[in-house]
Structures are given as structure tokens and as C-alpha cells.
Amino acid sequence: MAARSPEREDLIDKLRSHHAELVAVVRRRAESELASPPAAGEWTALQQLEHHLLVEDVWAKAATRAAFEDEPDLAELWATYRRVEEQNPFPPPLETRTLEALLQAIEARHSETLALVESIPEPALERRGRNTGFGNLTVLQMLRAVYRHTRMHIDQIEGREPSFQPRRVS
């Protein structure tokens with residue numbers, strides 16, 4: 001196997017470390033705490049985990065298309081994601097899974113994401129997808145969105161101000 005670029009190494013390290021931190025954060029809490037909203041109208045930690053799974057899947061699909069297609073228009077992929085979330089007042093499904101079921105699903109999704117990162121040829125990391133919901137992004141930017149999104153939910157579950165604020169790029 002060829003040596004990984006520093007950007008790919010950094011991506012893999014952050015995907016792994018943020019994933020491990022998210023799992024540790026939720027494992028430190030009772031499931032009853034994770035199922036209770038921190039305040040009226042806010043998502044429970046379990047709902048955030050459901051949302052996290054959905055968003056990681058969308059980013060992985062977007063990155064895959066951008067890596068292996070010529071500047072795909074990803075607007076329909078993002079529209080599908082928005083329709084799923086808008087059908088419910090909270091992330092789908094309305095009835096969240098148990099913590100153990102969610103953690104199994106998160107572990108499987110994480111493994112799939114890492115395998116995807118390994119499968120993308122180095123030059124393809126700089127390929128672009130259009131209309132990601134955050135503008136036109138490179139494959140690397142899309143995959144970085146996975147750990148940044150994880151960080152946002154870690155901060156939410158921990159009751160901290162978000163350490164990352166998403167922004168649109170062009």
C-alpha cells in the first residue's frame with residue numbers, strides 16, 4: 001500500500017478520535033438521561049445519534065459520487081436528506097433505537113466511512129461535488145464534515161457551546 005498523504009492521515013485520525021470520543025461521551029450516561037431532552041423542544045442525545053447516522057450517510061454518499069463522477073450535482077441527494085428530516089419534528093425515526101442498537105449502527109457506519117476514505121484514490125480527494133447543501137466542496141471537505149459534525153454533537157451532548165460552526169463555501 002502506498003503511503004498516505006498527510007491530509008488523509010489527518011482525516012483518518014480525526015474521524016477515529018471524534019468517533020471514539022462520541023462513543024465515550026454517550027457511554028458515560030444512563031440511557032434514561034440520553035432519552036431526555038436537555039430543554040423543552042431540544043433533541044435528546046439519542047435523537048442526535050439518529051441524526052448523526054443520517055448525516056454521516058449523506059456525506060459518505062456525496063463524497064463517493066464526487067470522488068468517482070465528474071463534478072456531480074448533489075442537490076437531489078441533499079433534498080432527499082432534507083425531506084427525511086422535515087417529515088418529523090426530530091431526526092428519523094421518531095422512535096429512536098436503544099443506545100446499544102444505535103452504537104452498533106454508528107460503529108458499522110464508522111467502519112464503512114473509514115473503508116471509503118481508504119478506497120478513494122489520492123487525486124480524487126480534490127475532486128468537487130456541486131450543491132452539497134454547504135456549497136461546492138471537495139471530497140476531502142465532505143469527509144472532514146463527518147468529524148466536524150460529530151464534534152458538534154459531542155459539544156451538544158456535553159452541554160457546551162459548539163466548537164465548530166458550519167458555513168457555506170462556493
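It should be emphasised that the depicted structure is a prediction, and the values quoted were computed from it without experimental measurement.
- Under the 4.5 Å side-chain criterion, counting only non-hydrogen atoms from C-beta, E158 is in contact with R28.
- For the pair L22 and L49, the minimum side-chain heavy-atom distance is below 4.5 Å.
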> How far apart are the C-alpha atoms of E69 and R127, what are their side-chain angles, what is the distance that settles it, and do they pass the salt bridge (Lys or Arg N to Asp or Glu O under 4.0 Å) test?
Replying inline: CA-CA 9 Å; E69 294 178 28; R127 294 185 68 162; over 6 Å; no

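- Side-chain contact annotation: E56 with T113, donor-acceptor N/O pair under 3.5 Å present.
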>> Working note: R4 + E9, criterion salt bridge (Lys or Arg N to Asp or Glu O under 4.0 Å); need CA distance, chi angles, decisive distance, verdict.
In response: CA-CA 6 Å; R4 292 180 185 142; E9 280 293 338; 3.2 Å; yes

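- For residues 108-130, the ring pair (Phe, Tyr, Trp, His ring centres under 6.0 Å) pairs, not counting sequence neighbours, are H19-H110.
- Clustering ILVMFWY residues whenever any of their side-chain heavy atoms sit less than 4.5 angstrom apart, transitively, puts V23 in a cluster other than the one holding V55.
- A side-chain donor-acceptor contact under 3.5 Å links S5 and E122.
- Contact annotation: the side chain of E21 approaches that of R151 to within less than 4.5 Å [non-hydrogen atoms, C-beta and beyond].
- Nearest heavy atom pair, residue P37 against residue T44, reads N-CG2, 3.4 Å.
- Rounded to the nearest 0.5 Å, atoms CE (M142) and CG (L125) are 11.0 Å apart.
- Contact of the V117 side chain with the R8 side chain is registered, since non-hydrogen atoms from C-beta on lie closer than 4.5 Å.
- The aromatic rings of W59 and W78 sit perpendicular to each other, their planes meeting at more than 60°, with 30° as the lower class boundary.
- When side chains are defined from C-beta on, R29 counts as touching I157, because their heavy atoms get closer than 4.5 Å.
- Atom CG in L15 sits 11.0 Å away from atom CZ in R148 (nearest 0.5 Å).
- The hydrophobic clustering, which links ILVMFWY residues whose side-chain heavy atoms are closer than 4.5 Å, places I106 and L46 together.
- Minimum interatomic distance between W43 and H153 (heavy atoms only, all atoms of both residues): CZ3-CE1, 4.2 Å.
- The distance from atom OH of Y147 to atom CD1 of I12, rounded to the nearest 0.5 Å, is 12.0 Å.
- Between N131 and E76, the closest side-chain pair of non-hydrogen atoms is not below 4.5 Å.
- Partners of R130 under the side chain to side chain donor-acceptor pair (under 3.5 Å) rule, at least two apart in sequence or in another chain, do not exist in this structure.
- The shortest heavy-atom contact between L74 and G129 is CD1-CA, 3.9 Å.
- Between the side chains of H51 and Q48, no donor-acceptor pair is found at a separation under 3.5 Å.
- Taken from CD in Q47 to CD in E42, the straight-line distance is 11.0 Å, to the nearest 0.5 Å.
- Minimum interatomic distance between A63 and L116 (heavy atoms only, all atoms of both residues): CB-CD2, 4.5 Å.
- Distance alone, capped at 3.5 Å, is enough to place a donor-acceptor pair between the Q141 side chain and the T138 backbone.
- Atom-to-atom distance recorded for H52:NE2 and T150:OG1 is 4.0 Å, nearest 0.5 angstrom.
- Atom CD of E7 is separated from atom CG of L143 by 13.0 Å, given to the nearest 0.5 angstrom.
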